[in-house]
**Q** 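Below you will find the structure I want to go over with you.
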Amino acid sequence: MRQAEDLAFQDLLQRARSATLTEHDVATLNSCTTENRVANGETPPERAIIRLNRVREEVNLVHLQAFAEKRSQKIYLFPARHDAPTATNLDNLTLLRTIYHVGEEGYLKGPGFFAFTKGMPIMLQQNTNTYAGLVNGMRGSAEEVILDASFVLCTAPLMCVLVRPAHDHNLSFSNVPDGLVPVFPVQMSGRIPNIPGLSFYRHQVPLTLGFAFTDYKSQGSTFTTLILDLLFGKQRGVDQHGKWTSINVQLGRVKTHPGSGCENRLYLKTFHLALTRISRLNSPDLRL
């Protein structure tokens, strides 16, 4: 159990799971917002849960820029290769520009442009080798890239990315440094928004930046410090049960109670759960 050394946090999580959070629990969590922690001179961690994919992609790029600047490194952009649709009246330049702007959505598990700087955290977005542990949600760091030599563009498509998985493995590849495994581009299908029936194929590595990830992708992971996203505004398709599930998944990723005084604690990106809303979260419909 992640919280084995923090009995108080175990109790808080149990109350969250049974939808019986107290006013003291909410006050404790609200005292741990990122704004409050920064005001106390603390530095937030690099990792964060972001519930919306669109926001997650933006947050990842912001963190990547700070990561590269801190290490005095450049960021390289590698374009995906696309099989563009032909049954369209759009000119080729407009079509290509539109396709590259389609983000990681649906069956698209890789970006139009893969941003790379050495050592950046990554997350694998689909199974590529289950035997080796290269599965959907695997975390690690991107260490090197190998370019596809058949292209001569300044920003050439990738042949593969050499990844150092966070888990132990016994794989070895010729001409690849010890501990690294290659992740190759795969074909993925996508659709252009607002143009019904217009689909395309993208050839890209199924990797995404690993600074921020959704609550769904965080399941099964354990962190010592982590920023959580617990502010639920007006979002279509998210009911009270969905909010309850997300809160429990996010709070359960860290080891220690936010008020325990331990050094490794969670940071909350936003948790402004008004006390008047506790009764709704504690309704019988949300209890196990």
**Q** From Ile75 CD1 over to Met120 CE, what is the distance, rounded to the nearest 0.5 angstrom?
**A**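 The CD1 atom of Ile75 sits 9.0 Å away from the CE atom of Met120.
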**Q** According to side chain to side chain donor-acceptor pair (under 3.5 Å), who are the partners of Glu46, at least two apart in sequence or on a separate chain?
**A** none
**Q** Does CZ belonging to Phe173 count more than 12 external heavy atoms closer than 6.0 Å?
**A**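 Yes.
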**Q** Counting N and O atoms only, with roles assigned by atom type, does the side chain of Gln10 sit under 3.5 Å from a partner on the main chain of Gln3, one being a donor and the other an acceptor?
**A**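 At least one qualifying donor-acceptor pair exists.
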**Q** Check for a donor-acceptor pair, side chain of Ser246 on one end and backbone N or O of Lys243 on the other, with a separation under 3.5 Å.
**A** no
**Q** So, do Phe67 and Thr117 sit near enough that their side-chain heavy atoms are less than 4.5 Å apart?
**A**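 A side-chain contact under 4.5 Å exists here.
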**Q** Looking at Asn40, I want to see if its CG is surrounded by more than 12 non-hydrogen atoms of other residues, nucleotides or ligands under 6.0 Å.
**A** yes
**Q** For the residue pair Pro121 and His63, establish whether any side-chain heavy-atom pair is separated by less than 4.5 Å.
**A**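 When only atoms from C-beta onward are counted, His63 and Pro121 do not touch, as no gap falls below 4.5 Å.
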**Q** Would you compute the distance between atom CD of Gln204 and atom CZ of Phe78 and round it to the nearest 0.5 angstrom?
**A**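 Atom-to-atom, Gln204:CD and Phe78:CZ are 10.0 Å apart.
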**Q** So, Thr128 versus Gln126: side-chain donor-acceptor pair below 3.5 Å or not?
**A** no
**Q** Is it true that a side-chain atom of Arg253 and a backbone atom of Ser221 form a donor plus acceptor pair closer than 3.5 Å?
**A**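 Side chain of Arg253 to backbone of Ser221, a donor-acceptor pair under 3.5 Å: yes, one is there.
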**Q** Of all heavy-atom pairs between Pro182 and Cys160, which one has the smallest distance, and what is that distance?
**A** CB-SG, 4.0 Å
**Q** For Phe213 together with Phe223, are the ring centres under 6.0 Å from each other?
**A**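 Between Phe213 and Phe223, which both carry aromatic rings, the centre distance is below 6.0 Å.
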**Q** Looking only at atom types and distance, does a side-chain atom of Gln219 sit under 3.5 Å from a main-chain N or O of Tyr216, one as donor and one as acceptor?
**A**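 Looks like yes, one N/O pair under 3.5 Å.
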**Q** Under 6.0 Å from the ring centre and within 45 degrees of the ring axis: does the NZ or CZ of Arg202 meet both conditions for the six-membered ring of Phe200?
**A**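 Arg202 over Phe200 ring: no.
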**Q** Is there a donor-acceptor contact under 3.5 Å from the side chain of Asp215 to the main chain of Val249?
**A** no
**Q** Would you please say whether a donor-acceptor pair under 3.5 Å links the side chains of Thr22 and Asp25?
**A** yes
**Q** Of the non-hydrogen atoms in Leu64 and Ala115, which two are nearest, and what is the gap between them?
**A**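 Leu64 and Ala115 have their closest heavy atoms at CD2-CB, 3.5 Å.
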**Q** In Å and rounded to the nearest 0.5 Å, what is the CD to CG distance from Glu143 to Leu180?
**A**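 Rounded to the nearest 0.5 Å, the CD-CG separation comes out at 6.0 Å.
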**Q** Does any non-hydrogen side-chain atom of Val161 lie less than 4.5 Å from one of Ile122?
**A** no
**Q** Identify, with sequence neighbours excluded, every residue that meets side chain to side chain donor-acceptor pair (under 3.5 Å) alongside Thr208.
**A** Arg56, Glu104
**Q** Specify the closest pair of heavy atoms between Pro177 and Leu162, including all atoms of both residues, with the distance to one decimal.
**A** CD-CD1, 4.1 Å
**Q** Please confirm whether the backbone N or O of Val135 pairs with a side-chain atom of Asn127, one donor and one acceptor, at under 3.5 Å?
**A**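 Flag not set: sc Asn127 to bb Val135 has no pair under 3.5 Å.
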**Q** Measuring only between side-chain heavy atoms, which start at C-beta, is Ile227 closer than 4.5 Å to Ile49?
**A** no
**Q** When rounded to the nearest 0.5 angstrom, what is the spacing between CG in Leu171 and CG in Asp178?
**A** 11.5 Å
**Q** Measure the NZ-CZ distance between Lys217 and Arg139 for me, rounded to the nearest 0.5 Å.
**A** 12.0 Å
**Q** Taking atom types as modelled, is there a side-chain donor on Ser18 or Gln14 under 3.5 Å from an acceptor on the other?
**A** no
**Q** Between Phe9 and Leu251, what is the shortest heavy-atom contact and its length?
**A** CZ-O, 3.5 Å
**Q** For the CG atom of Leu52 and the CG atom of Asp229, what is their distance to the nearest 0.5 Å?
**A**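 Between Leu52 CG and Asp229 CG, I get 7.0 Å after rounding to 0.5 Å.
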